[in-house]
2 protein chains.
Amino acid sequence: MKQIYLDAAAATPLASDVLKAMLPYFQKHYANPSSLHKKGQQARQAVEDARKKVAVLLNATPEEIIFTSGGTESVNLALQGKALAVRKGHIITSPIEHPAVLETCRFLERNGFLVTYLPVDRFGIVSPHDIESAIRKDTILITIMYANNEIGTIQNIIKIGEIARQHKITYHTDACQAGSLELNVQKLKVDLLSLNGSKIRGPKGTGILYRQTGIALQPLLYGGRQEFGLRSGTENVPGIVGFAKALEITQRQRTKENQRQIKLRDDFIQKILKTIPGATLNGHPTQRLPNNINLSFGGIEGETVVQCLSLEHIYVSSGSACSSGTIEVSPVLKAIHALNPRGSIRVSLGEDTTKADLERVSMVLQKIIVSLRQVT
Amino acid sequence: MKQIYLDAAAATPLASDVLKAMLPYFQKHYANPSSLHKKGQQARQAVEDARKKVAVLLNATPEEIIFTSGGTESVNLALQGKALAVRKGHIITSPIEHPAVLETCRFLERNGFLVTYLPVDRFGIVSPHDIESAIRKDTILITIMYANNEIGTIQNIIKIGEIARQHKITYHTDACQAGSLELNVQKLKVDLLSLNGSKIRGPKGTGILYRQTGIALQPLLYGGRQEFGLRSGTENVPGIVGFAKALEITQRQRTKENQRQIKLRDDFIQKILKTIPGATLNGHPTQRLPNNINLSFGGIEGETVVQCLSLEHIYVSSGSACSSGTIEVSPVLKAIHALNPRGSIRVSLGEDTTKADLERVSMVLQKIIVSLRQVT
């Protein structure tokens, strides 16, 4: 039976063109980019070409692109980096941020920083007005995600960016789930932006932090002073090349692919809401990621649904996959006051998801929910 | 003309068996190890199998192995992690450590820690007696590298480990250049040990920190609490699988391969010292890495020799390659009071280095030195 993978928000397969781009750097152009000889210079060239490519895609300059080991490191470098460079102050965020943001904020709270967690509405939207009201004289950083990893809600980040600029406060956005959205940092008006390779069919263990020129950051990793002194460690050349290729592909095809996914998504949601009594959609009906579907089924645990679907070779997620397999009530669903916070599943589409896949999933899901309701 | 790569201390090509081990994890078993479904569990299994494999090779338990994004991160996690968990105290190290150690120590000094940089002898050896004398009541950490990245000198790390244990002080060793030496952490008596994938024909962007059970560390990266809460971020599954395979291969063949390299190394050194007037060997004559040769030629800049050899398709290094292409007098050569600290080249052998390669290099090198001396 065909396996149907619908967990693209947790991880994506490497695109074939990405693997193809990476392969020469494993065994042929394998030198250290810091080596002065010709092979080292070739590796350096590959890294700098990748940096330029990413910069163009983000409408940034190459010096503003820092390669990291992934989204979590990018977010930590942005938040710890900014806060520890300033040494004290106030930070504005929301309770539905990814753990990389929330746990870093908690670390900063333990170290004397003050953090405001703004409420979100029932769709998961942070009000730009609330942000403006929360600004204090000592506010040093606003960090509001671009799109939520669980419920797919897309924030009004341009509006937030405008407010941050008016008040001259640094604005970071975690865009790890938003690789297929608009990433022009000038349009978005962000100062710091985190991206992750493994969510856009790029390699695991890769990411970038966009850092606007002039924003001072304290490094997390000290050593050979690579990445403009902000991220020491030998550059992961194949990973960097692969990241740039993945971002290029994702951004090139995003308009078309997003349209396709939105249609699949909305048809699936309509079908489920019609055919499964008590099913509800979590998150915003339209202001959401093209590939995100988050559903609750009254009285049924999300984890049980995930396991039942897995037996049918259908792979979805309950809550976020980024918490090391720990199962607890999702803070995101709690924050939006979801009716059934333990009963949610996340279906996240990929490039290879077809209409037929979703038709099968919808049928299997109906059967599973009926069976589970008979048991409980 | 055949390219002769003799910069294995800076970077190594991926072993074919390592690439083969990694490939299934790019496009087939690509799930997030934290996902609860079957594909997630398969990815989890791959990570935990790799962890067990590394643990066996180090004579450690799986819980003592933390996967990181490379040697620099491992070293930073060990040093910052230990120091910031304790909050204050005294650290003992040496001036010939890798920049990952030295720069982290400087960061810790700026944050109130006291660091003693012990002198080394003319071969680059730190005296265990000096270490014992430097211990204070508030000493929290000794960090002395296993083998030096520039001159290849191997420290008396077991002796240092014994002293650290007697005084109940945490002992970290940077083993990033020592992947082909004895890595049994029980024999070595280390508490923390950093290793790097890219120096042992494993993937760039991978490393481990061995952390003895009971040693408290403050994480650098906050988020999904992967790696026992010590290193958040989605696991780089192909990288982790590749790291474990590379370490397995390196350790399996180390006795035989080290013997082979020692013979090549010593023959080459003898030939150069005999045929090039004024040539000197930096580092210890015998207590040195099997693949490390570091030579000075009176009055000639190392960088110039590197460039001349590069034109002949021979790739060696001057000083360390890990300083982002910056050229300055090597602190290692300064610390051993080398006669000609700007005139050194590092020739580091790899598994594919042959006797014929080194014969050609020795001839070309003789010619280059003669020519350069005529110019200057």
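Chain identifiers are assigned alphabetically (A, B, ...) following the order of the sequence lines, protein sequences preceding nucleic acid strands; residue numbering begins at 1 within each chain.
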Minimum heavy-atom distance [X]-[Y], with the two atoms named:
{"X": "B:Asn32", "Y": "A:Ala10", "result": "ND2-O, 3.0 Å"}
{"X": "A:Gly224", "Y": "B:Pro99", "result": "N-CB, 4.1 Å"}
{"X": "A:Ala15", "Y": "B:Gln27", "result": "C-NE2, 3.7 Å"}
{"X": "B:Ser69", "Y": "A:Ser69", "result": "CB-CB, 3.4 Å"}
{"X": "B:Thr72", "Y": "A:Tyr222", "result": "CG2-O, 3.4 Å"}
{"X": "A:Ala11", "Y": "B:Tyr30", "result": "CB-O, 3.4 Å"}

Close contacts, residues 307-316 of chain B versus chain A, judged by heavy atoms under 4.5 Å
B:Gln307, B:Ser310, B:His313, B:Tyr315, B:Val316

Measuring heavy-atom distances to chain B, does [X] have an atom under 4.5 Å in its side chain, in its backbone, in both, or in neither?
{"X": "A:Arg106", "result": "neither"}
{"X": "A:Asn236", "result": "both"}
{"X": "A:Thr12", "result": "backbone"}

With a 4.5 Å cut-off on heavy-atom pairs, point out which of B:Gln41, B:His37, B:Lys39 contacts chain A the most.
B:His37

Please determine, among B:Ala8, B:Ser16, B:Gly71, the option with the most heavy-atom pairs under 4.5 Å with chain A.
B:Ser16

Rounded to the nearest 0.5 Å, how far does CE of A:Met22 lie from CZ of B:Phe26?
4.5 Å

Can you measure from OG (B:Ser35) to CZ (A:Arg346) and round to the nearest 0.5 angstrom?
7.0 Å

Is the backbone of A:Arg225 close enough, under 3.5 Å, to the side chain of B:Glu103 for a donor and an acceptor to pair up by distance?
no

State, yes or no, whether a side-chain contact exists between A:Gln80 and B:Leu220 at a heavy-atom distance under 4.5 Å.
no

Counting heavy-atom pairs under 4.5 Å to chain B, which of A:Ser198, A:Gly239, A:Ser232, A:Gly40 comes out on top?
A:Ser232

Where at least one partner belongs to residues 25-35 of chain A, residue pairs that pass salt bridge (charged side-chain N to carboxylate O under 4.0 Å, His left out), sequence neighbours excluded:
none

